[in-house]
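Before any comments, here is the structure.
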Amino acid sequence: MSGAVALKNGVQSESDAELLRASVEGSEAAFATLMHRHMHVPFAASRRILGDATEAEDVAQDAIVRLWQQGEDLLSKPLNVPAWLRRVAVNLSIDRLRAGKRLDVRDDLPEVPVAPRQLRSLERADAAGRLQASLDELPDRQRVALTLFHIEEMSQRDVAEAMDITEDALESLLRRARKNLKSALADDWPGLVASFSRTPA
């Protein structure tokens with residue numbers, strides 16, 4: 001494939017794998033297309049975790065650059081580019097919180113565990129903007145726990161490991177975070193509570 005990115009009927013037709021291969025071979029146009037196509041994915045993930053758009057932009061750019069740097073190795077196996085970028089953004093965001101000492105990793109006394117419920121559908125709800133604003137107001141640890149567990153759908157064990165806390169402490173943290181989020185979204189909560197009903201398989 002040449003360095004130029006081919007267009008079909010004026011529309012970009014390359015798959016992510018083709019674009020990544022062209023990027024590795026030196027095509028700036030292919031890399032720019034990948035950025036345009038997927039930059040929103042790492043940005044959204046890091047925005048929810050960090051609660052800051054400027055930091056999220058930095059993380060998203062770092063994730064895209066890593067995709068380019070590791071492109072040749074990544075092409076050796078099937079790759080879901082959005083999922084890869086999301087995972088990298090989540091890890092980079094957690095690293096930023098730790099480096100900035102914004103995560104208090106002390107364990108808390110466990111409370112009564114509650115079943116995990118998914119927040120993903122809330123992103124498509126009319127109150128998505130208020131949800132993000134409410135998430136931004138939560139303490140860092142609560143926001144990170146909710147985002148990783150409910151939105152990124154990481155397992156309880158993986159979230160606890162990422163945050164360097166016990167699973168009991170995570171359950172306590174999630175319980176408080178849900179309570180605070182419910183309070184912040186009091187006016188919208190009746191219409192949104194159904195979105196919490198699906199449990200992971």
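Quantities reported herein were computed from a predicted structural model and do not represent experimental measurements.
- Judged by distance alone, the side chain of Gln142 and the main-chain N or O of Pro139 form no donor-acceptor pair under 3.5 Å.
- The structure places CE of Met35 at 13.0 Å from CG of Leu19, a figure rounded to the nearest 0.5 Å.
- Residues satisfying the side chain to side chain donor-acceptor pair (under 3.5 Å) criterion with Asn91, sequence neighbours excluded, are absent altogether.
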Check the pair Leu148, Ile94 against side chain to side chain contact (heavy atoms under 4.5 Å, CB included), reporting the backbone distance first and the verdict last.
CA-CA 10 Å; Leu148 297 183; Ile94 292 173; 3.7 Å; yes
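- Here CE of Met163 is found 12.5 Å from CZ of Phe149. Values are rounded to the nearest 0.5 Å.
- With sequence neighbours left out, the side chain to side chain donor-acceptor pair (under 3.5 Å) criterion links Asp62 to no other residue.
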Verdict with reasoning, Arg141 to Arg176, per side chain to side chain contact (heavy atoms under 4.5 Å, CB included)
CA-CA 10 Å; Arg141 295 171 70 242; Arg176 293 198 306 277; 4.0 Å; yes
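- Of all heavy-atom pairs spanning Pro42 and Leu85, the tightest one is CB-O, 3.9 Å.
- Between Leu67 and Val81, the shortest heavy-atom distance links the atoms CD2-CG1, 4.0 Å.
- By the side-chain contact (heavy atoms from CB on, under 4.5 Å) test, Asn80 pairs with Pro82, Ala83, sequence neighbours left out.
- The CD atom of Glu153 lies 12.5 Å from the OG1 atom of Thr147; values are rounded to the nearest 0.5 Å.
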For a side chain to side chain contact (heavy atoms under 4.5 Å, CB included) check, start with the C-alpha distance between Ile49 and Leu97, then their side-chain angles and the critical distance, and finish with the verdict.
CA-CA 9 Å; Ile49 295 172; Leu97 289 174; 3.8 Å; yes
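- Considering every non-hydrogen atom in both Ala60 and Phe43, the closest pair reads CB-N, 3.7 Å.
- Rounding to the nearest 0.5 Å gives a distance of 10.5 Å between CZ of Arg87 and CE of Met154.
- Annotation: salt bridge (charged side-chain N to carboxylate O under 4.0 Å, His left out) contacts of Asp136 (sequence neighbours excluded): Arg47.
- The shortest heavy-atom contact between Val59 and Ser46 is CG1-CB, 3.7 Å.
- In this structure, Glu161 has no side chain to side chain donor-acceptor pair (under 3.5 Å) partners at least two apart in sequence or on a different chain.
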Could you check Met39 against Gln61 for side chain to side chain contact (heavy atoms under 4.5 Å, CB included), going step by step and ending with a plain yes or no?
CA-CA 8 Å; Met39 179 67 83; Gln61 290 173 5; 4.1 Å; yes
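- In this structure, the side chains of Glu25 and Arg21 come closer than 4.5 Å at one or more pairs of heavy atoms.
- Residues passing the side-chain contact (heavy atoms from CB on, under 4.5 Å) test with Gln70, sequence neighbours excluded: Arg66, Leu74, Trp84.
- Scanning all heavy atoms of the two residues, the minimum distance from Asp73 to Ser76 falls at O-OG, 2.6 Å.
- Hydrophobic cluster membership differs between Leu92 and Val41, with clusters built from Ile, Leu, Val, Met, Phe, Trp and Tyr side chains linked at under 4.5 angstrom.
- In terms of heavy atoms, Leu50 sits closest to Arg143 at O-NH2, 3.1 Å.
- Going from atom CD of Glu57 over to atom CG of Asp52 covers 9.0 Å, rounded to the nearest 0.5 Å.
- In this structure Glu167 satisfies the side-chain contact (heavy atoms from CB on, under 4.5 Å) test together with Gln156, Arg157, Ala160, sequence neighbours excluded.
- Atom NE2 of His38 is separated from atom OG1 of Thr33 by 10.0 Å, given to the nearest 0.5 angstrom.
- Proximity of Leu34 to Asp16: side-chain heavy atoms (C-beta onward) are separated by under 4.5 Å at one or more points.
- Residues Leu75 and Trp68 are members of one and the same hydrophobic cluster, defined by side-chain heavy-atom contacts under 4.5 angstrom among Ile, Leu, Val, Met, Phe, Trp and Tyr.
- Taking Ala45 as the reference, Arg48, Arg86, Ala89, Val90, Glu152 meet the side-chain contact (heavy atoms from CB on, under 4.5 Å) condition, with sequence neighbours excluded.
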